[in-house]
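Quick notes on the structure that follows.
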Amino acid sequence: RQRIQSEIQALRAVAQPDTEGLILNLGTLALRVNELPIRSKLSASNPAGRVLGPTAESGLPRFWKTFKDGLSDIIRIERLEGPAGKILTLEQSDLARQRVLVALNTAQLALLREQPEVFRQSLATISSILGQDFELASPSVISVLGLIEEMLSIDIAPSRPDISGSLDLLRNIQSGAG
């Protein structure tokens with residue numbers, strides 16, 4: 001009995017992660033992915049970002065505007081205050097969101113199966129996608145990245161003590177009594 005009690009105490013001393021809370025956090029992140037702002041959005045029908053619509057101009061002014069728009073597709077001068085990021089089309093932004101969702105689902109599954117390497121890799125993938133394709137200055141993206149950093153520090157599969165000693169004692173008592 002003493003051996004069983006000491007093994008029970010050893011098991012209770014192991015810090016277990018809050019698996020249910022982590023699953024809920026990952027699920028909440030999955031629900032919020034569509035609300036996170038992408039760096040830049042362009043529509044699929046307007047990949048250059050031009051203003052579309054009917055024009056009232058005709059003749060030479062219309063020709064000049066068409067020529068200028070065509071030239072602006074080739075040459076573009078922009079003044080950037082920060083580092084330049086890539087511009088995503090709607091399809092690319094949807095793909096980025098889907099990649100985040102897949103990585104979140106993978107992290108949930110790894111958490112349930114107690115696979116810490118897969119869990120960490122999935123969270124790192126999410127962090128990388130957010131850094132590449134999402135607006136890093138947005139408070140919502142910053143909070144998601146902070147939550148992911150917290151999760152990366154959690155050991156989801158802590159080592160458990162050996163509790164086979166009491167079973168060995170019981171087997172020895174049984175074999176000695178028989």
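Numbering starts at 1 and runs along the sequence shown.
Each salt bridge (charged side-chain N to carboxylate O under 4.0 Å, His left out) pair with one or both residues in residues 107-123, not counting sequence neighbours, appears once here: Glu114-Arg160, Glu117-Arg120.
Of all heavy-atom pairs spanning Ala110 and Ile156, the tightest one is O-CD1, 3.9 Å. Contact between Thr106 and Ser122 at its shortest, heavy atoms only, is CG2-OG, 3.2 Å. Pairing each heavy atom of Gly131 with each of Arg39, the nearest pair is O-NH2, 2.5 Å. Heavy atoms only, all atoms of each residue included: Asp133 and Ala96 are closest at OD2-CB, 3.5 Å.
The side-chain contact (heavy atoms from CB on, under 4.5 Å) test applied to Asn34 returns Arg97, not counting sequence neighbours. Every residue two or more places apart in sequence or in another chain that forms a side-chain contact (heavy atoms from CB on, under 4.5 Å) with Ser138 is listed here: Pro37, Glu135, Ser140, Val141. Listed by chain and residue number, Ile8, Ser166 satisfy the side-chain contact (heavy atoms from CB on, under 4.5 Å) test with Ile4 (two or more places apart in sequence, or in another chain). Partners of Leu24 under the side-chain contact (heavy atoms from CB on, under 4.5 Å) rule, at least two apart in sequence or in another chain, do not exist in this structure.
Clustering of Ile, Leu, Val, Met, Phe, Trp and Tyr side chains at separations under 4.5 Å leaves Leu95 isolated, with no partner residue.
Remark: Gln115 CD is packed, more than 12 non-hydrogen atoms of other residues, nucleotides or ligands lying under 6.0 Å away.
Following chains of ILVMFWY side-chain contacts shorter than 4.5 Å, one can reach Leu22 starting from Leu145, so the two form part of one hydrophobic cluster. Note: the hydrophobic cluster containing Val144 also contains Ile129 (ILVMFWY, side chain heavy atoms under 4.5 Å, direct or indirect links). By the criterion of side-chain heavy atoms lying less than 4.5 angstrom apart, applied directly or through intervening Ile, Leu, Val, Met, Phe, Trp or Tyr residues, Ile148 is not grouped with Val118; the two fall into different hydrophobic clusters. The same ILVMFWY cluster, assembled from side-chain heavy atoms under 4.5 Å apart, contains both Leu101 and Phe134. In terms of hydrophobic clustering, with Ile, Leu, Val, Met, Phe, Trp and Tyr side chains grouped at heavy-atom distances under 4.5 Å, Ile126 and Leu152 are assigned to a common cluster.
Considering CD of Gln2 and CD of Gln5, their distance stands at 9.5 Å, rounded to 0.5 Å. Considering CZ of Phe119 and CG of Leu26, their distance stands at 5.5 Å, rounded to 0.5 Å. Atoms OG1 and CG, on Thr28 and Leu104 in that order, are 10.5 Å from each other to the nearest 0.5 Å.
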Apply side-chain contact (heavy atoms from CB on, under 4.5 Å) to Leu136 and Ile142, showing your working. CA-CA 6 Å; Leu136 291 177; Ile142 291 170; over 6 Å; no

Go through the steps to decide whether Asn25 and Leu29 satisfy the test side-chain contact (heavy atoms from CB on, under 4.5 Å), and finish with yes or no. CA-CA 6 Å; Asn25 281 340; Leu29 289 179; 5.6 Å; no

Verdict with supporting geometry, Leu111 and Ile23, side-chain contact (heavy atoms from CB on, under 4.5 Å): CA-CA 8 Å; Leu111 181 60; Ile23 292 287; 3.6 Å; yes

Begin from the C-alpha positions of Arg12 and Gln9 and carry the test side-chain contact (heavy atoms from CB on, under 4.5 Å) through to its verdict. CA-CA 5 Å; Arg12 286 184 180 155; Gln9 291 303 322; 3.5 Å; yes

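Remark: the backbone N or O of Leu123 is not paired with any side-chain donor or acceptor of Ser127 at under 3.5 angstrom.
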